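Here the structure comes first, spelled out in structure tokens, and everything after it is commentary.
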2 protein chains.
Amino acid sequence: MYKNSEFVSKLRNSGLRPTKQRLKICEVLFNRDKTFHFTINDLAKNISENFNEKISLATIYNTVHAFKDKGYLKEITISSDKSYFDTNITKHHHFYDEDTNLLIDCNDNEIGKVNIKNNITGKKISSVEVLVRVASDTQNQN
Amino acid sequence: MYKNSEFVSKLRNSGLRPTKQRLKICEVLFNRDKTFHFTINDLAKNISENFNEKISLATIYNTVHAFKDKGYLKEITISSDKSYFDTNITKHHHFYDEDTNLLIDCNDNEIGKVNIKNNITGKKISSVEVLVRVASDTQNQN
DNA sequence: AATTTATATTATAATCGTTCTAAACTGTTG
DNA sequence: CAACAGTTTAGAACGATTATAATATAAATT
Ligand SMILES: [Mn+2]
Ligand SMILES: [Mn+2]
Ligand SMILES: [Zn+2]
Ligand SMILES: [Zn+2]
């Protein structure tokens, strides 16, 4: 459990004013035991259903993107119409369950280190991401 | 170099009528020495600039999606606003050059086999994709 | 070959997630 | 407090994609 003052500092330290809306979003995203994945729509719904304060959609977009730019969120794109944000900002890979549309974090005992033998000349690797799509066994069984 | 009749068979065999538009798109996509990556926009531009026949945008969308559904194209999503199609339908991974916005195929002497030690129980792996983002040494370091 | 039926193409409208706008509001600084 | 920069907001605008429904074409049937 974080204290509100921690979020205030976090925001101030990154040049973002600790507004009521940003603090509420911090609380929803970061005041948890476990990291999680969400879409903009999930977040907007979560806030409007569970809190009396209403935050405009534009602010939700702005804030999520600001948090992403500051490195507090990662974005994971699954397909052209499905983009998730991740509160787990460590380097890690994902399973994507095509049946449930859920993203699941991998850790190192699930996917070994990716061995990049040759990189493009003159370029630096900025990220390495593995996405393993999975689906129910029973689809191709009979 | 493929013959037109090969595309006719290919289309017929997959239950798609070999229309003039689909054959033109086959020619543009598959009558090449090397596979390549393209966006819908690239393809539409290519056709309108290099050929006198005009194919409506709706048909280009329909055809590309039909070809994807039939397994003649793969879709690779880079970010929420960048989706590419790939005429290379073999299993392979990609470098994405953030400076030039170009996708580059990897082969096995660039990225080793991804070691998936544990899969989700009761699920079958439908694909494994690695995306290595690269950028010029002097910028964009994460 | 003509007719019938199913499928495909097209221009254009509709959709919808996201971004923009510009006015009102709030946090910060002195 | 005053002054200012940064933020929020509702609603408009945007743009990529999809839906529509009339027309055209391909295939199947007679
Ligand atoms: Mn698509
Ligand atoms: Mn985004
Ligand atoms: Zn994650
Ligand atoms: Zn490729």
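Computed from a prediction, not measured in an experiment: that's the story for all the values here. Residue numbers start from 1 in every chain, and the chains themselves are labelled A, B, ... in the order their sequence lines are given, proteins ahead of strands. What you see below is based on every heavy atom in this structure, not just the backbone, and it leaves out hydrogens, waters and symmetry mates.
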Return the angle between end axes of the helix from C:dA1-D:dT30 to C:dG30-D:dC1, with five pairs used per end and rounding to 10°. 30°

How many whole angstroms separate atom CG of B:D81 from atom C1' of C:dT18? 10 Å

Calculate the interatomic distance between B:N62 atom CG and C:dT10 atom P; express it in whole Å. 10 Å

Any side-chain heavy-atom pair of B:Y96 and B:Y84 under 4.5 Å: yes

What does A:K82 touch in the nucleic acid at a heavy-atom separation under 4.0 angstrom: a base, only the sugar-phosphate, or nothing? nothing

For A:E53 and D:dT8, give me the distance from atom CD to atom P, rounded to whole Å. 12 Å

Sequence-aligned protein contact record of nucleotides 21-30 of chain D, with B where the base is within under 4.0 Å of a protein heavy atom and S where only the sugar-phosphate is: -----BS---

Rounded to whole Å, how long is the line connecting atom CG of B:D42 with atom P of D:dA16? 12 Å

From NZ of A:K54 across to P of D:dG11 the rounded distance in Å is 10 Å

Measure OH/B:Y61 against C1'/D:dT20 and give the value in whole Å, please. 17 Å

Find the distance between NE2 (B:H93) and CD1 (B:I76) and round it off to the nearest 0.5 Å. 11.5 Å

side-chain contact (heavy atoms from CB on, under 4.5 Å) assessment of A:H92 paired with A:C106: CA-CA 6 Å; A:H92 66 285; A:C106 298; 5.8 Å; no

